[in-house]
Each structure stands twice: as structure tokens, then as C-alpha cells.
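What follows is a single structure, written as C-alpha cells, with notes after it.
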Protein chains: 2
Amino acid sequence: MIYSSELIKGTLKTIVLKLLADNKKMYGYEISQKVKELTLNKIQITEGALYPTLHALEDEGLVTVETEFIGKRVRKYYSLSSSGKSKTKEKVNELADFMNTMKFLLDIKTKTA
Amino acid sequence: MIYSSELIKGTLKTIVLKLLADNKKMYGYEISQKVKELTLNKIQITEGALYPTLHALEDEGLVTVETEFIGKRVRKYYSLSSSGKSKTKEKVNELADFMNTMKFLLDIKTKTA
DNA sequence: ATTAATGCATAAGATTATTATGTATATTTG
DNA sequence: CAAATATACATAATAATCTTATGCATTAAT
């Protein structure tokens, strides 16, 4: 099962930031594979979503970029800036709070069958 | 604190369906107030989001509508159809599953501080 | 009387994803 | 060794879904 795409909306940036917080330094393709792996294929980030998101994070100053060449192939490593680190905490906390609220909403009268 | 709007995206339909499942019959304004109340003002559904959503649910055959007049003011009561009931279970389960996955993603290396 | 609350609706704009396409190198497999 | 698959980036067109703004109208509160 892959989650319907609407659910991912709004959480992608937070996911990317959190992965960078945990792994210090990652490149785009690596991020997409890591998410796929960690979620047992339930969340698959498309390239069309991921790369624009990384560019946006860069524009906002939340990540820094280093380009590396593996042979002739390019890799762009992303790392959190200091503002990126605090932003990550904010976003993760907000999402955790949101999930608790949603859990509460969805649990009301669970016995309604 | 009000959640940043991206988070609500994708969950609104599920929230509305779940409220209808728990309350049998609700009208738009009532739904918006109930969500506000239950979430301690953290989720505030705007009218521009709610009414189109209700119309979409109706178009999809997931809810049925009864119009009532309270004095001269109109109210549109929405109820789940039978397909709406099964759809609600699906959506609620999917969202619950998604939240577990997200919780797992966000909890990795919680002690990173 | 004026403001706030109730109650619906929709259009313009923004955001953010999907889908499709493009380019190129490296590895695996038949 | 040729073809397919995986790696690795990028972006444009399209779709979905929300915010913001606007509109109309009734009822309650100050």
C-alpha cells in the first residue's frame, strides 16, 4: 500500500529536514531511497517533488550544498544550516503535535460500529 | 498555536467524514465549529475549504444532503451514505497508518540534541 | 443601531504535489 | 557486449487543494 498522495502534502519538507538532522549530509537520490526504505515503500518521494523542495530549502537558507563528483556523475550533498537545525525542531514538534491532535479526532467514539 | 496550513491539506476530507460518522448528521458551520472546539482552536477550517469539500463529497456520492430552514436561514445537513461509511473506515485507517509511519520517521534518533 | 455570529457560496491566487520529459553516467544481466 | 536497469540531477505542464477575498442574507448581542 502506498499512501494517497494528498497525505504526503505538507509533510515532505519536514521529512527531508528530519533526515538531514539525523544523517548530517545526504544527497537527493539518497534521501528518496532512504524514505522508501524506512517506510517499507509506503512513502515514495517523486523526483518532481523532491528536487524543487531541496531547492526551496536552499533558497530559504535552511540547507547548504556541496557538489561532489563520483566519477563523472554529479552529486549534491545537502546539510542543515544552523537556522535549518532550529527550523527542523520547530517543524518536527509541530507535526508531532498535529499527529496527536489528529489521533484524538480520529479516536472519538472508536466503538461506533 | 494554529497548525501551518500545509498540514491540514489532505486530511480535511477524512476529518469531515469521521465527524459525520460520529455524529450522524451535521451542517457545514457546525462541522467547522466542532473541529475548532475539539482541537482547542488548533485546526480552523476555513469556509473556502469546507464548502467545496462538502460539495465534492456529495458529488462522489459519499454523503447525502437535506436542506432545512431555521426561521428564514438555510442549513444543509450532511449524512454519510453507505459508500461514505465504508470510505470513512478506509480513510481513517489509512491516516492512522500514515501517522504511525510518520511517527516512526520522526522518532529516529530522538536523542540527537 | 451597530457589531458579531450564524450560514451558505464561489472566484482569484498560491502552494505543492504528480506526471512527463530531458540529459547523462554507471552497473547489471542475458 | 548489448540492452536494461539503476543512479543522479533538473524542470515544465498539469492537477489538486488550500487561503484569501468577496458576496449575500439572517439572527443575536451590546
Side-chain angles (χ1 to χ4, degrees), chain A residues 2-17 25-37 39 41-60 62-63 65-78 91 95 98 102, chain B residues 2-17 19 25-37 41-60 62-63 65-78 91 95 98 102:
Chain A
I2 298 173
Y3 300 123
S4 59
S5 56
E6 317 93 69
L7 286 180
I8 284 65
K9 296 204 183 195
T11 62
L12 180 52
K13 216 172 233 176
T14 306
I15 292 174
V16 171
L17 288 172
K25 190 179 161 188
M26 297 182 89
Y27 56 98
Y29 188 75
E30 187 185 13
I31 292 172
S32 69
Q33 297 306 304
K34 196 71 179 175
V35 170
K36 197 177 163 185
E37 176 202 330
T39 65
N41 292 353
K42 287 175 178 178
I43 297 180
Q44 298 191 18
I45 304 180
T46 60
E47 296 164 290
L50 179 59
Y51 292 114
T53 293
L54 287 170
H55 300 160
L57 291 174
E58 192 186 353
D59 291 344
E60 291 168 46
L62 301 176
V63 300
V65 193
E66 299 162 73
T67 302
E68 268 187 36
F69 280 89
I70 307 299
K72 284 181 182 171
R73 196 153 55 190
V74 76
R75 257 189 209 168
K76 288 193 170 180
Y77 277 98
Y78 291 87
K91 291 286 241 174
L95 185 47
F98 177 73
M102 285 302 298
Chain B
I2 299 173
Y3 301 124
S4 60
S5 56
E6 317 93 70
L7 286 182
I8 284 65
K9 294 201 184 199
T11 61
L12 180 54
K13 216 173 234 178
T14 306
I15 293 173
V16 171
L17 287 172
L19 280 181
K25 189 179 163 190
M26 296 182 87
Y27 55 99
Y29 187 76
E30 186 185 14
I31 292 172
S32 71
Q33 296 306 305
K34 195 73 179 175
V35 169
K36 197 177 164 188
E37 173 201 330
N41 291 354
K42 288 174 176 178
I43 297 180
Q44 298 192 17
I45 304 179
T46 58
E47 296 165 291
L50 179 59
Y51 292 115
T53 294
L54 288 170
H55 299 162
L57 291 174
E58 191 185 354
D59 291 344
E60 293 168 45
L62 301 176
V63 299
V65 193
E66 299 163 73
T67 301
E68 269 188 35
F69 280 89
I70 308 298
K72 284 179 183 173
R73 196 151 56 189
V74 75
R75 258 187 207 170
K76 287 191 171 182
Y77 277 98
Y78 291 87
K91 291 287 241 174
L95 185 47
F98 177 73
M102 286 303 298

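Quick note on labels: first sequence line is chain A, next is B, and so on, each numbered from 1. None of the values given here were measured: they were computed from a predicted structure.
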With a 4.0 Å cutoff (strictly under), does any side-chain N or O of [X] reach OP1 or OP2 of [N]?
X       : N      : answer
A:Ser32 : D:dC9  : no
A:Lys76 : D:dA10 : yes
A:Tyr27 : D:dC9  : no
B:His55 : C:dT10 : yes
B:Thr53 : D:dT17 : no

Mind calculating the distance between [atom1] ([X]) and [atom2] ([N]) to the nearest angstrom?
X       : N      : atom1 : atom2 : value
A:Glu58 : D:dA10 : CD    : P     : 9 Å
B:Tyr51 : D:dT20 : OH    : C1'   : 16 Å
A:Leu12 : C:dT15 : CG    : C1'   : 13 Å
A:Leu50 : C:dT16 : CG    : P     : 15 Å
A:Lys72 : C:dT23 : NZ    : P     : 18 Å
A:Tyr29 : D:dT7  : OH    : P     : 3 Å
A:Tyr3  : C:dT16 : OH    : P     : 22 Å
A:Leu7  : C:dT16 : CG    : P     : 16 Å

| Which residue, A:Thr46 or B:Glu47, contacts DNA chain C at a nucleotide closer to its 5' end, judged by nearest heavy atom? | B:Glu47

| remark: Per nearest nucleotide of DNA chain C, the residue lying toward the 5' end, A:Gly71 or A:Lys13, is A:Lys13

| request: Between A:Lys9 and A:Ile70, name the one whose nearest nucleotide on DNA chain D is closer to the 5' end. | output: A:Ile70

| said: Closest-nucleotide mapping onto DNA chain D: is B:Gln44 or A:Gln33 further toward the 5' terminus? I mean the 5' end. | reply: A:Gln33

| task | Flag the pair A:Arg73 and A:Glu68 as a salt bridge only when some basic side-chain nitrogen lies within less than 4.0 angstrom of an acidic carboxylate oxygen. | result | no

| query | Does A:Glu30 pair with A:Lys76 as a salt bridge, N-O distance under 4.0 Å? | reply | no

| query | Would a 4.5 Å heavy-atom cut-off, applied to side chains only, mark B:Val63 and B:Leu54 as touching? | reply | no

| message | Here's a test for you: under side chain to side chain contact (heavy atoms under 4.5 Å, CB included), which of B:Thr11, B:Thr14, B:Ile15, B:Val16 qualifies with B:Lys91? | response | B:Thr14

| said: Please determine whether any donor N or O and acceptor N or O are separated by less than 3.5 Å between the side chain of B:Arg73 and the base of D:dT27. | reply: no

| request: Quick one: label B:Gly28 by what it contacts on the DNA or RNA (base, sugar-phosphate, nothing), any heavy atom closer than 4.0 Å. | output: sugar-phosphate

| query | Which pair of heavy atoms, one from A:Leu7 and one from B:Gly10, lies closest together, and at what distance? | reply | CD2-O, 3.8 Å

